[in-house]
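This structure is a prediction, so every number in the text was calculated from the model and none was measured. Residue indices begin at 1 and follow the sequence shown.
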Amino acid sequence: MEDQINITYITLSGYVDLNKYRYLLLIVLTVYILTICSNATILYLIWVHKNLHEPMYVFIAALLLNGLLYSTNIYPKLLVDFLSEKPNISYSACLFQFFMFYSFGGSEFLLLAAMAFDRYVAICKPLRYRCIMKRSTVSAFLITAWFVAVFYPIVLAMLSYQAKLCTFNLAGIFCNNSIYALQCVRSAALTVFGIVAFSNVVVLPMLFTTFTYANIFRISQRSSKQSRKTTVETCVPHLLVLTSYFCLMTYDVVIARVQSDFPQIARFIMTMQISLYHPLFNPFIYGFKMREINRHLKKLFFIVAKKTSPR
C-alpha cells in the first residue's frame with residue numbers, strides 16, 4: 001500500500017522554508033486577484049465595444065483569456081501548497097498541469113505570430129486588409145493556434161505517463177518540464193517529439209514574428225511621421241509581450257536543467273517569476289499602450305468612481 005502511495009504522489013521540493021516566507025501567500029493571492037480582475041476587465045471592454053471587434057483586439061482578447069486560464073492552472077495549487085507542510089501532487093494531476101501549462105504557453109507564441117501577421121497586413125497592405133483579415137481568417141488563426149498548442153503537450157504528457165519513474169521528488173513548485181527528471185530513462189521518442197514541439201511552437205513562431213516586425217519597421221520608415229508613430233504605438237506592445245514571454249520561457253528551460261548545485265532560493269525566485277509576472281503583464285501592457293483600450297478603460301474607471309463616490 002505504501003508503494004502505491006509513493007508511486008501515485010509526487011513531492012514538490014522546490015519550496016523554500018515556507019514558515020519563514022508566509023507573507024508570500026498574501027503576495028500570490030493579491031497577484032492572482034489582480035490578474036483575474038485586470039484580464040477580465042479588458043476582456044469585458046473588448047466584448048462590449050463594437051469598435052474593438054477588430055482582428056487585432058480579438059487576438060488580444062485571446063491572449064488575455066490565455067492569461068486567465070494559465071493563472072487558474074497554477075495559482076490555486078500554489079495557494080494550497082503555501083499552506084501545506086509537505087506540498088505534493090498526484091502524478092496524473094501533475095501531468096495535467098504540465099499539459100495545461102505548455103498548451104497555454106505554446107498558444108501564446110502562435111497568437112503573437114498571428115498578431116504580427118495582422119499588423120503586417122494592416123500597415124503594409126492597408127487597401128487589402130479587409131479582404132485578407134476576414135472573420136474566417138481570424139477564426140482559422142485562433143483554431144490553429146489552440147489546436148497546435150494542445151496537440152504537442154498532450155502527446156508529451158501521454159508519453160510521460162507511460163515512462164517508468166525512479167524518483168518521486170520534483171525539484172519545482174509546479175509541474176513543468178522538470179517532470180522529465182522523475183523518469184528513470186527518457187525515451188528517444190519523448191526527446192525527439194519534444195524537440196519537434198519546441199521548434200514548431202516556440203522557435204518558428206518567434207522567428208516569424210521577429211522577421212515580420214522587422215519588415216514592418218523597415219517599410220514604415222518610408223511613410224509619414226504620423227504613420228511611423230502609429231506603427232510604434234500598435235507594434236511595440238506586442239514586441240514587449242513577446243520579449244517578456246520568451247525570457248520567461250528561457251527561465252523555464254534553464255530551471256529544468258540546472259541541478260542541485262543551483263541555490264534553492266534562487267531556483268524558487270526564478271520559478272515564481274514564470275507564474276507571477278507574465279499573466280499580470282499582458283493586461284497592463286495592452287491596457288496602457290493600446291490607445292482605444294486605454295480610452296475605454298478610463299471611461300469605465302470614471303463611471304465606477306462616479307457610482308461609488310459619496311454624494
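Within the model, atoms CG of Leu65 and CG of Asn282 stand 12.0 Å from one another, a figure rounded to the nearest 0.5 Å. Note that the CG atom of Leu64 and the CG atom of Asn39 stand 5.0 Å from one another [nearest 0.5 Å]. Atoms OH and OG1, from Tyr75 and Thr35 in turn, are 4.0 Å apart once rounded to the nearest 0.5 Å. Atom OG1 of Thr144 is separated from atom CG of Leu110 by 9.0 Å, given to the nearest 0.5 angstrom. Residue Ile154 holds its CD1 atom at 11.0 Å from CE of Met100, rounded to the nearest 0.5 Å. In this structure, Asn88 CG and Ile10 CD1 are separated by 9.0 Å, a value rounded to the nearest 0.5 Å.
Remark: the backbone N or O of Phe104 is paired with a side-chain donor or acceptor of Asn66 at under 3.5 angstrom. The backbone N or O of Ile132 lies less than 3.5 Å from a partner atom in the side chain of Thr137, making a donor-acceptor pair. Gln97 places a side-chain N or O within donor-acceptor distance of the main-chain N or O of Asn73, the cut-off being under 3.5 Å.
Both Leu69 and Leu34 are assigned to one and the same hydrophobic cluster, defined by single-linkage of ILVMFWY side chains at heavy-atom distances under 4.5 Å. Val185 and Leu159 fall into different hydrophobic clusters, where Ile, Leu, Val, Met, Phe, Trp and Tyr are joined by side-chain heavy atoms under 4.5 Å apart, directly or via other members. Each of Phe211 and Leu207 belongs to its own hydrophobic cluster when Ile, Leu, Val, Met, Phe, Trp and Tyr are linked at side-chain heavy-atom distances under 4.5 angstrom. Linking Ile, Leu, Val, Met, Phe, Trp and Tyr whenever their side-chain heavy atoms come within less than 4.5 Å puts Ile33 and Ile42 in one cluster. Neither Val148 nor Leu204 shares a network with the other; the hydrophobic side chains, linked directly or stepwise wherever heavy atoms of I, L, V, M, F, W or Y lie under 4.5 Å apart, form separate groups for each.
Within the structure, no pair that satisfies the salt bridge (charged side-chain N to carboxylate O under 4.0 Å, His left out) test touches residues 96-105, not counting sequence neighbours. Applying the salt bridge (charged side-chain N to carboxylate O under 4.0 Å, His left out) definition to pairs two or more places apart or across chains, those involving residues 43-65 are Glu54-Arg130.
Of all heavy-atom pairs spanning Pro55 and Tyr129, the tightest one is CG-OH, 3.3 Å. Contact detail for Leu111 and Ala62: the closest heavy-atom pair is CD1-CB, 3.9 Å. Summarising the geometry of Ala149 relative to Gly106, their closest heavy-atom pair is CB-C, 3.9 Å, with the distance given to 0.1 Å. For the residue pair Leu170 and Cys94, the shortest heavy atom distance occurs at CD2-SG, 4.3 Å. Here the shortest heavy-atom pairing between Pro205 and Ser199 reads CD-O, 4.2 Å. Heavy-atom minimum distance, Tyr180 versus Ser160: CE2-OG, 3.6 Å.
By the side-chain contact (heavy atoms from CB on, under 4.5 Å) test, Ser139 pairs with Arg135, sequence neighbours left out.
Put simply, the side chain of Leu297 reaches to within 4.5 Å of the side chain of Thr41, judged on heavy atoms. Within the 4.5 Å cutoff, the side chain of Phe109 has no heavy atoms near those of the Thr209 side chain. Looking at heavy atoms from C-beta onward, Leu95 lies out of side-chain contact with Cys175 at the 4.5 angstrom threshold. Counting heavy atoms from C-beta outward, Phe141 and Met133 have side chains that approach closer than 4.5 Å. Counting heavy atoms from C-beta on, the side chains of Tyr57 and Glu292 come closer than 4.5 Å. The side-chain heavy atoms of Leu112 and Leu63, taken from C-beta on, include a pair separated by under 4.5 Å. Between Leu242 and Met206, the closest side-chain pair of non-hydrogen atoms falls below 4.5 Å.
Ring geometry for Phe147 versus Phe151: interplanar angle under 30°, hence parallel rather than tilted (30 to 60°). Between Phe101 and Tyr70, the ring-plane angle classifies as tilted under the 30° and 60° cut-offs.
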task = Please test Tyr152 against Phe198 for ring pair (Phe, Tyr, Trp, His ring centres under 6.0 Å), starting from the C-alpha separation and ending with a verdict.
result = CA-CA 9 Å; Tyr152 289 109; Phe198 183 77; over 10 Å; no
request  = Go through the steps for Leu52 and Trp47 under the test side-chain contact (heavy atoms from CB on, under 4.5 Å), then give the verdict.
outcome  = CA-CA 8 Å; Leu52 298 182; Trp47 178 270; over 6 Å; no
ask   = How far apart are the C-alpha atoms of Ile219 and Tyr120, what are their side-chain angles, what is the distance that settles it, and do they pass the side-chain contact (heavy atoms from CB on, under 4.5 Å) test?
value = CA-CA 10 Å; Ile219 294 174; Tyr120 173 79; 4.3 Å; yes
request  = For the pair Phe59 and Val138, evaluate side-chain contact (heavy atoms from CB on, under 4.5 Å) and give the outcome as yes or no after the intermediate values.
outcome  = CA-CA 8 Å; Phe59 290 131; Val138 174; 4.1 Å; yes
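Partner of Phe99 under the side-chain contact (heavy atoms from CB on, under 4.5 Å) criterion, out of Val150, Val155, Leu156: Val150 alone.
Heavy-atom neighbours of Phe208 CZ from other residues, nucleotides or ligands within 6.0 Å: above the threshold of 12. In Arg295, the CZ atom is crowded: over 12 heavy atoms of neighbouring residues, nucleotides or ligands sit closer than 6.0 Å.
Between Tyr91 and Tyr9, the distance separating the two ring centers is not shorter than 6.0 angstrom.
Residues Tyr102 and Asn176 bring no donor and acceptor atom of their side chains to less than 3.5 Å of each other.
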